[in-house]
Amino acid sequence: DAGVIQSPRHEVTEMGQEVTLRCKPISGHNSLFWYRQTMMRGLELLIYFNNNVPIDDSGMPEDRFSAKMPNASFSTLKIQPSEPRDSAVYFCASTPQGSTDTQYFGPGTRLTVL
Amino acid sequence: AQSVAQPEDQVNVAEGNPLTVKCTYSVSGNPYLFWYVQYPNRGLQFLLKYITGDNLVKGSYGFEAEFNKSQTSYHLKKPSALVSDSALYFCAVREGTGYSSASKIIFGSGTRLSIRP
């Protein structure tokens with residue numbers, strides 16, 4: 001099992017540019033979570049999906065952030081336009097149905113916005 | 001609303017000594033509680049969880065966690081610390097109950113555990 005796969009692992013971009021982060025959950029998992037981690041704010045849940053449907057996006061900081069899950073094996077988190085304060089490590093996690101929510105995290109994408 | 005608190009930002013322990021990382025929770029109803037560990041430049045890894053049953057839960061790498069309902073605590077423990085246990089530890093609580101589909105998990109602020117040789 002390859003685990004949760006995230007790409008890219010590192011992204012450096014300039015303010016104003018569009019950024020797209022990608023996640024492939026573990027096969028058979030039906031829930032997917034996007035988190036952001038910073039020193040100042042710790043680990044924040046941005047949005048999560050059950051069976052490809054967004055359930056709670058209350059953690060998405062602004063309209064500049066959007067997330068999609070077009071099928072069970074792929075999700076994207078997009079920031080447009082990006083700002084320096086978006087610099088963080090973004091994690092994707094997935095959960096199998098009926099697991100009582102043990103989450104399996106990907107390695108993260110470290111985003112730096114200059 | 002569910003919440004967890006980790007009162008210590010950092011815990012320092014000598015190798016071979018017992019360690020405790022503290023966590024208190026606030027929930028309505030029965031708590032689903034978790035511990036996760038994060039090593040440098042890695043994602044979080046599940047350590048153990050309490051759903052129901054014995055108050056002492058045994059998990060990976062010799063860790064255990066003690067659920068105490070009267071004190072609303074779920075402390076992480078290990079009898080003998082290793083230098084390799086040095087990492088960031090997160091306590092978490094599930095929001096909502098039931099098994100139908102995944103729910104939001106609320107993570108604590110994290111405690112950095114440092115084990116000195």
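Computed from a prediction, not measured in an experiment: that's the story for all the values here. Just so you know, these numbers use all the heavy atoms, side chains as well, and skip hydrogens, waters and symmetry mates. Naming convention: chains lettered A, B, ... in sequence-line order (proteins, then strands); numbering from 1 in each chain.
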Please look at [X] and chain B and tell me whether the side chain, the backbone, both or neither of the residue comes under 4.5 angstrom of a heavy atom of that chain.
X	result
A/Glu44	neither
A/Ser94	neither
A/Arg110	side chain

Could you give the distance from OG1 (A/Thr102) to CD (B/Gln45), rounded to the nearest 0.5 Å?
->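 Between atom OG1 of A/Thr102 and atom CD of B/Gln45 there are 13.0 Å.
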Approximate separation, where rounding is to 0.5 Å, of A/Leu43 CG and B/Ile105 CD1 = 10.5 Å
Whether over 12 other heavy atoms sit under 6.0 Å from B/Tyr61 OH = no
Give a yes or no on this: more than 12 heavy atoms of other residues, nucleotides or ligands lie within 6.0 Å of atom CG of B/Asp54.
-> no
Listed once per pair and sorted, the side chain to side chain donor-acceptor pair (under 3.5 Å) pairs that draw on residues 3-14 of chain A, sequence neighbours left out | none
Indicate, with yes or no, if [Y] and [X] share a hydrophobic cluster defined by side-chain heavy-atom contacts under 4.5 Å among Ile, Leu, Val, Met, Phe, Trp and Tyr.
X	Y	result
A/Leu77	A/Phe74	no
B/Phe34	B/Val4	no
B/Val37	A/Val89	no

A/Phe105 side chain near B/Tyr36 side chain, heavy-atom distance below 4.5 Å = yes
So do A/Gln103 and B/Leu44 actually touch side chain to side chain, heavy atoms under 4.5 Å?
-> no
Please flag which part of B/Gln38 lies under 4.5 Å from any non-hydrogen atom of chain A: side chain, backbone, both or neither.
->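 The side chain, not the backbone.
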Which atoms of B/Leu88 approach chain A - backbone, side chain, both or neither, heavy atom under 4.5 Å =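 Contact with chain A: side chain only.
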Least distance between heavy atoms, A/Gln37 atom then B/Phe90 atom = NE2-CZ, 3.6 Å
Salt bridge (Lys or Arg N to Asp or Glu O under 4.0 Å): pairs with one or both residues in residues 10-32 of chain B, sequence neighbours excluded | none
